[in-house]
Amino acid sequence: MSLENTLTNYYNSWNEGFSSKDDAKIRSYMSERFVGIFGYSSIEMPEEYHYNYDIKAVLNQYNDQTRKEFEIISTMERRNGENYVIVGLETSYIDGTPHRAQCMYIWERENKEWKLLREFIEIEQ
């Protein structure tokens with residue numbers, strides 16, 4: 001599967017998760033070595049989270065109408081195509097209101113599948 005299709009499916013898994021409150025499909029796209037960094041301008045130190053973070057708690061914060069979209073701004077191949085840096089804009093629609101974040105993802109091939117290795121998310125405020 002292409003990385004672009006994997007990224008689309010990853011976002012679709014989040015959208016399905018908002019309805020089902022099931023995190024299994026989302027987590028299936030993540031490397032067990034996953035590390036995420038989440039920040040926004042009003043906090044002193046960004047939050048770091050790892051593969052086993054509580055995705056269900058995140059899903060339960062939002063109603064089943066919540067949706068995420070992702071627009072790729074740039075893609076950079078590394079390690080002979082086994083690793084990519086993808087920078088883009090995520091828009092989450094929460095109660096119909098768009099909330100935007102700048103994102104940088106590191107995707108890497110693991111056992112012939114694309115897995116999310118790192119994510120850096122900075123909420124726009």
Side-chain angles (χ1 to χ4, degrees):
M1 179 179 297
S2 75
L3 180 54
E4 190 169 310
N5 285 342
T6 298
L7 192 58
T8 297
N9 291 341
Y10 174 67
Y11 270 84
N12 287 341
S13 72
W14 272 99
N15 293 334
E16 291 168 17
F18 289 124
S19 294
S20 69
K21 306 304 183 205
D22 183 7
D23 66 341
K25 206 168 184 185
I26 297 165
R27 198 172 307 280
S28 74
Y29 288 97
M30 298 165 63
S31 169
E32 289 185 11
R33 299 176 294 132
F34 170 83
V35 177
I37 304 289
F38 177 80
Y40 49 94
S41 59
S42 63
I43 64 171
E44 187 69 28
M45 179 69 79
E47 174 185 342
E48 182 176 301
Y49 48 99
H50 300 268
Y51 175 77
N52 289 318
Y53 83 99
D54 193 351
I55 296 173
K56 284 187 181 201
V58 174
L59 295 172
N60 285 325
Q61 292 177 32
Y62 302 100
N63 67 38
D64 63 354
Q65 299 301 308
T66 301
R67 295 286 174 263
K68 287 184 174 211
E69 296 176 357
F70 186 73
E71 175 188 344
I72 296 173
I73 294 172
S74 69
T75 302
M76 182 176 69
E77 178 182 323
R78 302 187 316 177
R79 295 181 46 222
N80 297 317
E82 292 297 307
N83 183 292
Y84 279 83
V85 176
I86 298 179
V87 176
L89 177 65
E90 179 183 279
T91 304
S92 298
Y93 295 91
I94 303 167
D95 296 325
T97 303
H99 299 269
R100 291 182 176 79
Q102 298 294 323
C103 301
M104 182 174 79
Y105 296 125
I106 311 297
W107 287 84
E108 185 168 274
R109 282 201 191 272
E110 288 184 6
N111 301 317
K112 300 182 182 180
E113 293 182 333
W114 288 110
K115 296 291 184 172
L116 183 57
L117 183 63
R118 304 277 183 269
E119 86 180 359
F120 304 88
I121 299 175
E122 183 72 23
I123 300 292
E124 293 182 357
Q125 291 188 3

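Just so we're clear, the structure is a prediction, and the values are computed from it rather than from any experiment. Throughout, numbering of the chain's residues begins at 1 and tracks the sequence.
- Nearest heavy atoms, Trp107 versus Thr6: CZ3-CG2, 3.6 Å.
- In this structure, the side chain of Asn9 does not engage the main chain of Asn12 through any donor-acceptor pair within 3.5 Å.
- Each of Arg79, Lys115, Arg118 was evaluated against Glu108; a single residue qualifies, Arg79, per the salt bridge (charged side-chain N to carboxylate O under 4.0 Å, His left out) test.
- Proximity of the aromatic rings of Trp14 and Phe70 is defined here by a centroid distance below 6.0 angstrom, and this criterion is not met.
- If you take CD1 on Ile72 and OG1 on Thr8, they are separated by 7.0 Å, rounding to the nearest 0.5 Å.
- Put simply, Leu116 and Tyr11 are part of the same group of oily side chains (I, L, V, M, F, W, Y) that touch within less than 4.5 Å, one to the next.
- The backbone N or O of Ser20 lies less than 3.5 Å from no partner atom in the side chain of Asp64, so there is not a single donor-acceptor pair.
- Under the 4.5 Å side-chain contact rule for hydrophobic residues, Met104 and Met76 share a cluster.
- In this structure, NZ on Lys56 lies 9.5 Å from CZ on Arg27, to the nearest 0.5 angstrom.
- Of all non-hydrogen atoms in Leu89 and Ala101, the two that sit nearest each other are CD1-O, 3.3 Å.
- Distance check, rounded to the nearest 0.5 Å: CD1 of Ile94 to OG1 of Thr66 gives 6.0 Å.
- Of the possible polar contacts, none joining the Asp95 side chain to the Thr97 backbone as a donor-acceptor pair under 3.5 Å is found.
- Between the side chains of Glu48 and Tyr53, no donor-acceptor pair is found at a separation under 3.5 Å.
- With a 6.0 Å cutoff to the six-membered ring centre and a 45° limit on the axis angle, Arg67 does not count as a cation-pi contact of Phe18.
- Here the CG-CZ distance, from Asn52 to Phe34, works out to 11.0 Å after rounding to the nearest 0.5 Å.
- A continuous path of hydrophobic side-chain contacts links Val58 to Ile121 [ILVMFWY only; heavy atoms under 4.5 Å].
- Taking hydrophobic clusters as Ile, Leu, Val, Met, Phe, Trp and Tyr residues chained together by side-chain heavy-atom distances below 4.5 Å, Leu7 shares a cluster with Tyr29.
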Practice problem: In sequence, state the C-alpha distance, the side-chain angles, and the governing distance for Tyr49 and Glu119, and then conclude on side-chain contact (heavy atoms from CB on, under 4.5 Å). | Solution: CA-CA 10 Å; Tyr49 48 99; Glu119 86 180 359; 2.5 Å; yes
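- Side-chain contact between Phe38 and Ile123: present, with at least one pair of heavy atoms (C-beta onward) separated by less than 4.5 Å.
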Practice problem: Begin from the C-alpha positions of Tyr10 and Ile26 and carry the test side-chain contact (heavy atoms from CB on, under 4.5 Å) through to its verdict. | Solution: CA-CA 6 Å; Tyr10 174 67; Ile26 297 165; 4.2 Å; yes
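- The only option from Glu77, Arg78, Arg109 that meets the side-chain hydrogen bond (donor to acceptor under 3.5 Å, both in side chains) definition with Asn83 turns out to be Arg78.
- Closest approach of Thr91 to Pro98, counting heavy atoms only: CG2-CB, 3.8 Å.
- Among Glu69, His99, Gln65, the one residue that satisfies the side-chain contact (heavy atoms from CB on, under 4.5 Å) test with Tyr93 is Glu69.
- Glu82 CD: more than 12 foreign heavy atoms inside a 6.0 Å radius.
- Taking the six-membered ring for Trp and the full ring otherwise, the centers of Tyr84 and Trp114 sit less than 6.0 Å from each other.
- Under the 4.5 Å side-chain heavy-atom criterion for grouping Ile, Leu, Val, Met, Phe, Trp and Tyr, Val85 is connected to Phe120 within one hydrophobic cluster.
- Separating the CD1 atom in Ile37 from the SG atom in Cys103 is a distance of 13.0 Å, to the nearest 0.5 Å.
- Minimum heavy-atom separation, Lys21 to Leu59: NZ-O, 3.0 Å.
- Taking CD1 from Ile55 and NZ from Lys25, the interatomic distance works out to 14.0 Å, rounded to the nearest 0.5 Å.
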